[in-house]
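One structure is given here, and the rest of the page talks about it.
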Amino acid sequence: SGAGIREGDIMKNQRRVLLLEFNELSPDLMNRFMAEGPLPNFKRFHDESHVFITEATERGWELNPWVQWVTVHSGLDYRAHGIIELDEGDKLKAKRIWDIVSEAGLKVCVCGSMNVAYQTPPNGVIMPDPWSTKVAPHPSSLMPFFRFVQKQVMGHTQNQTGLSAADYAAFLRFMVTHGL
């Protein structure tokens, strides 16, 4: 849209909102699978939700999910936000959905969304996508978990894990102390 997120629109209804981002799902196929029955729980969840299917005006490279999700989160099209690669989320200084919600005093939890960044420490949790190297999780106590997942993901794309015994120990300590 290019206009950005209007703060009043988000704050009109202060009920809890869960935004799930399904990347690269085909609505036609999902509707068929739900109708045929192999996804009963997904169908129930779908039927109880407000579902929005986006129509992209962009073409080519701009259709990559790491570009499109920045558009969704900021309300700015790629020409306005300029993010076209993974790990560029920190370049955009415009507010994202979670910045506005957090500034309004509501809690946020963002987990794994592509190319995230935040303006000020949020009222809640931000776990960047594993390709993010310039935006730290918030709170910082999430770093052992984030680092482990990040190194595993990047290691599989680069044929190396880069994790030390200390990294594994920190991850295990995090998991045990956080009830997982």
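- You'll find the side chain of Val67 reaches within 4.5 Å of the side chain of His81, heavy atoms only.
- How far CG of Leu63 is from OH of Tyr78: 9.5 Å, rounded to the nearest 0.5 Å.
- Between the CG atom of Asp77 and the CD atom of Gln68 there is a distance of 9.5 Å, given to the nearest 0.5 Å.
- Without hydrogens or angle criteria, Asp47 side chain to Arg44 main chain gives no donor-acceptor distance under 3.5 Å.
- How far CD1 of Ile83 is from NZ of Lys91: 6.5 Å, rounded to the nearest 0.5 Å.
- Side-chain contact between Trp131 and Val153 is present, with heavy atoms from C-beta onward closer than 4.5 Å.
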(request) May I have the step-by-step check of side-chain hydrogen bond (donor to acceptor under 3.5 Å, both in side chains) for Ser102 and Asp99, ending in yes or no? (result) CA-CA 5 Å; Ser102 187; Asp99 294 311; over 6 Å; no
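- Both Phe148 and Met175 belong to a single network of hydrophobic side chains, linked directly or stepwise wherever heavy atoms of I, L, V, M, F, W or Y lie under 4.5 Å apart.
- For Phe174, the side-chain contact (heavy atoms from CB on, under 4.5 Å) partners at least two apart in sequence or on another chain are Leu142, Pro144, Phe145, His178.
- In this structure the side chain of Pro139 reaches within 4.5 angstrom of the side chain of Val125, judged on heavy atoms.
- Closest of all the heavy-atom pairs between Met143 and Ala136 is CE-CB, 4.1 Å.
- Although no hydrogens or angles enter the test, the distance criterion places no donor-acceptor pair under 3.5 Å between the side chain of Lys134 and the main chain of Gly89.
- The line from CG of Asn115 to CH2 of Trp69 is 12.5 Å long, rounded to the nearest 0.5 Å.
- Phe22 and Phe33 fall within a single hydrophobic cluster, where Ile, Leu, Val, Met, Phe, Trp and Tyr side chains are chained together by heavy-atom contacts under 4.5 Å.
- Here the shortest heavy-atom pairing between Gly105 and Asn123 reads O-ND2, 3.2 Å.
- Annotation for Ala117 and Arg96: closest pair N-NH1, 3.6 Å, computed over non-hydrogen atoms.
- Atoms NE2 and CD, on His73 and Glu21 in that order, are 3.5 Å from each other to the nearest 0.5 Å.
- No side-chain heavy atom of Leu39 sits under 4.5 Å from any side-chain heavy atom of His46.
- Applying the ring pair (Phe, Tyr, Trp, His ring centres under 6.0 Å) definition to pairs two or more places apart or across chains, none involves residues 99-128.
- Closest approach of Pro128 and Pro137 over heavy atoms only: CD-CA, 3.6 Å.
- Taking every heavy atom of both residues into account, Trp66 and Met114 meet most closely at N-SD, 3.6 Å.
- Once rounded to the nearest 0.5 Å, the distance linking NZ of Lys95 with CG of Leu76 reads 12.5 Å.
- The two atoms that bring Leu25 and Met30 nearest to each other are CD2-SD, 4.0 Å, heavy atoms only.
- The side chain to side chain donor-acceptor pair (under 3.5 Å) analysis of residues 29-38, with sequence neighbours excluded, yields the pairs Arg32-Glu36.
- Contact check for Glu85 versus Trp61: side-chain heavy atoms found under the 4.5 Å cut-off.
- With Glu62 contributing its side chain and Ile84 its backbone, the two residues share no donor-acceptor pair below 3.5 Å.
- In the hydrophobic clustering of this structure, Leu29 groups with Phe42; members are Ile, Leu, Val, Met, Phe, Trp, Tyr whose side-chain heavy atoms approach within less than 4.5 Å, directly or through other members.
- Asp129 and Ser132 form no side-chain donor-acceptor contact under 3.5 Å, judged by distance and modelled atom types alone.
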